[in-house]
Number of protein chains: 2
Amino acid sequence: MHAVASEEIAVSRIAAAIGEAARARILYCLLDGHARTGTELAIVAEVTPSTASVHLNKLRQERLIQVQAQGRHRYYSLGGPRVARALEGLSVLAGGTHKAFVPSAPARLRTARSCYDHMAGALAVELHDRFLALRWIKAEPGRNNHAYDVTVMGAQAFAALGVDVDAARSMRRRFAYGCLDWSERRPHLGGALGAAFLSLSLKKRWVDRDLDSRALSVTALGRREMGARFGAEL
Amino acid sequence: MHAVASEEIAVSRIAAAIGEAARARILYCLLDGHARTGTELAIVAEVTPSTASVHLNKLRQERLIQVQAQGRHRYYSLGGPRVARALEGLSVLAGGTHKAFVPSAPARLRTARSCYDHMAGALAVELHDRFLALRWIKAEPGRNNHAYDVTVMGAQAFAALGVDVDAARSMRRRFAYGCLDWSERRPHLGGALGAAFLSLSLKKRWVDRDLDSRALSVTALGRREMGARFGAEL
DNA sequence: CCGACACTTCGCTTATGGTCAAACTATGCA
DNA sequence: TGCATAGTTTGACCATAAGCGAAGTGTCGG
């Protein structure tokens, strides 16, 4: 009983946070999964940056959004899939026919590229999301910045592909983490594991390196194989 | 763009309607499906009848509740399952931290049960979520109620388990849809496919039927197998 | 070190909206 | 008809919070 009552007030706090036009605009803007800066969100919210700052603080306080500082920018993104789910539930009530997050495939692939020694761009973001959904990787509970670990299931799967997870883990560098993508503004897989995966993808000719740039192109083989193995929609 | 903007304000109006402590108490009281009178709701909302009347009007205006006059009483009830679903989404957010930090959950398994001919309860909801994440099933784009289809990848996977997807599809009944779970208030897999999966789970002894009730119990084998195959956290 | 930029904090004004008591309407019972 | 109960409407009061501009903090680039 007591727990129920406290949950009610928690819900009302959260709903009140959503229930303000400027904040709703911010949340629905972030619903595409892309991170944005405070000034960008001020524009979509149609308020001044100072007002937006207050709103963003409130949303963060209710764990509806999270912030990641990078240089002098602060990138805001949705608090997680649960937040998206809750917003969708409200959308259904609002009578809105909800658009089913359908990115056009060829456009996404054009932005595949390498970031130091691992993949970046839309392809990398998609793979990152699929690895998470398949539970091959998992966010580390420790609040250190966006670290991942490989699950037991994932270790077998990566090994079957030909990725030496143990070797990657024993390196002195960071093992695996969510690296924020500049173009997509969503995380992709970085660290030793990300590097090992890129090297494997090149070896298997799933992707090819451009000769004079960091651009990567997905081969027909790669499209087929990655689609079948990860369910990646390429 | 314009449609998106109008949806945002509709959502913020609805969220604002929920985002008030007294109204949230009313809605959560009605979540059990029972209709109640205005005075009863005034008591649970901890306000005077006059204040409650204003709140009830507002909730009705946003279609969150409906009223049914009967003599000199007016019975208020939730606006429908969609409202329950939206409230559930917000509850998940409110209790999200609590839920995230309880990984091993024998308590969750206790709520496994059958619903007509398919699984329901926490186990079924978890499996439903995993099937979606693994992209074995996919929401039908058509706006008909929560229909699912099996993906190419999913068809292979279900066949490998021993589920005859084609047979399920050719039945005269509904193939697959998200059935709203009243205890979990989240969807689980219903329809011919859900029935086929339950029958398979019983055959493989992943779950056992209680003799005199609709309760299901997950066997040690089922815990192991479903964890390994679907990544379900049981 | 400085200026440009991104963002936050503060003080103030304004407006929205929750609250109640009192008055009002409507129904049922005798 | 008259009274009691259920519920709504209205008006006044007050608290909360959204809004902005100005001033402050912090970070990058020269």
Side-chain angles (χ1 to χ4, degrees), chain A residues 5 8-30 34-77 145 180 182 185, chain B residues 5 8-30 34-77:
Chain A
E8 283 159 14
I9 66 158
V11 165
S12 72
R13 283 173 58 92
I14 289 173
I18 304 171
E20 202 278 332
R23 287 195 293 256
R25 281 191 285 269
I26 289 172
L27 289 171
Y28 273 77
C29 173
L30 292 175
H34 291 240
R36 290 183 224 282
T37 66
T39 34
E40 285 173 332
L41 292 172
I43 292 168
V44 306
E46 298 170 22
V47 290
T48 61
S50 61
T51 305
S53 179
V54 177
H55 285 316
L56 290 168
N57 251 330
K58 188 159 220 162
L59 290 173
R60 200 152 65 92
Q61 195 180 321
E62 299 299 330
R63 310 267 173 203
L64 293 173
I65 61 175
Q66 58 194 172
V67 65
Q68 191 172 354
Q70 207 158 98
R72 60 179 160 178
H73 296 273
R74 304 192 66 182
Y75 288 99
Y76 293 93
S77 53
N145 244 348
L180 192 60
W182 249 100
R185 296 198 182 156
Chain B
E8 282 158 14
I9 66 158
V11 166
S12 73
R13 283 172 58 92
I14 288 173
I18 304 171
E20 204 277 332
R23 288 195 292 255
R25 281 191 285 267
I26 289 173
L27 288 171
Y28 274 78
C29 173
L30 291 175
H34 288 111
R36 288 180 223 280
T37 66
T39 32
E40 284 173 330
L41 292 172
I43 293 167
V44 305
E46 298 172 20
V47 289
T48 61
S50 61
T51 304
S53 180
V54 177
H55 285 318
L56 290 168
N57 252 330
K58 188 158 218 162
L59 289 172
R60 200 152 63 91
Q61 195 180 321
E62 300 298 330
R63 312 266 172 202
L64 293 172
I65 60 173
Q66 55 195 175
V67 65
Q68 192 175 348
Q70 208 162 101
R72 63 176 161 177
H73 294 275
R74 305 190 65 182
Y75 287 99
Y76 293 94
S77 54

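When reading the values below, keep in mind they use all heavy atoms of this one structure, side chains included, and skip hydrogens, waters and symmetry mates. Within every chain, numbering begins at 1; the chains are lettered A, B, ... in the order of the sequence lines, protein sequences first and strands thereafter.
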Legend entry - Out of C:dC20, C:dT19, D:dT9, whichever nucleotide has its closest atom nearest the side chain of B:N57: D:dT9
Inset, instruction - To the nearest Å, give me how far apart CD1 (B:I26) and P (C:dG18) are. - result: 11 Å
Legend entry - Between C1' of C:dC5 and CD of A:E40, the distance in whole Å: 14 Å
Inset, instruction - Any chance you could measure A:I18, atom CD1, to B:I18, atom CD1, to the nearest 0.5 Å? - result: 8.0 Å
Legend entry - Distance, rounded to the nearest Å, where A:H55 contributes NE2 and D:dC20 contributes C1': 12 Å
Inset, instruction - Identify which nucleotide among C:dC20, C:dC7, D:dG19 has an atom closest to any side-chain atom of B:V47, counting heavy atoms from C-beta outward. - result: C:dC20
Legend entry - OP1 or OP2 of D:dT5 under 4.0 Å from side-chain N/O of B:T39: no
Legend entry - Among D:dC20, D:dA18, C:dT9, the nucleotide that comes nearest once only the side chain of A:T51 is considered: D:dC20
Inset, instruction - Measure the distance from CZ on B:R25 to C1' on C:dT19 and round it to the nearest whole Å. - result: 13 Å
Legend entry - Any A:R74 side-chain N or O less than 4.0 Å from OP1/OP2 of D:dG26: no
Legend entry - Among C:dT19, D:dG21, C:dG17, the nucleotide that comes nearest once only the side chain of B:K58 is considered: C:dG17
Legend entry - A:R23 side-chain N/O to A:A17 backbone N/O, donor-acceptor pair under 3.5 Å: yes
Inset, instruction - When you get a sec, tell me which of D:dG19, D:dT9, C:dT8 is the closest nucleotide to the side chain of A:A22? - result: D:dG19
Inset, instruction - Report the distance from atom CG of B:L59 to atom P of D:dG7, rounded to the nearest whole Å. - result: 16 Å
Legend entry - Heavy-atom donor-acceptor pair, B:S50 side-chain to C:dA21 base, under 3.5 Å: yes
Legend entry - Closest non-hydrogen atom pair between B:I14 and B:E62, with its separation: CG1-OE1, 3.7 Å
Legend entry - Any A:S53 side-chain nitrogen or oxygen under 4.0 Å from OP1 or OP2 of C:dC7: no
Inset, instruction - To the nearest Å, give me how far apart NE2 (B:H73) and C1' (C:dC29) are. - result: 12 Å
Legend entry - Interatomic distance where CD1 belongs to B:I43 and P belongs to D:dT5 [whole Å]: 15 Å
Legend entry - A:L41 side, atom CG; A:Y76 side, atom OH - distance, nearest 0.5 Å: 8.0 Å
Legend entry - Listed partners of B:E40 passing salt bridge (charged side-chain N to carboxylate O under 4.0 Å, His left out), at least two apart: none
Legend entry - Distance in angstrom units between A:E20 CD and D:dA18 P, rounded: 5 Å
Legend entry - A:V54, nearest nucleotide to its side chain (from C:dA6, D:dG19, C:dT9): C:dT9
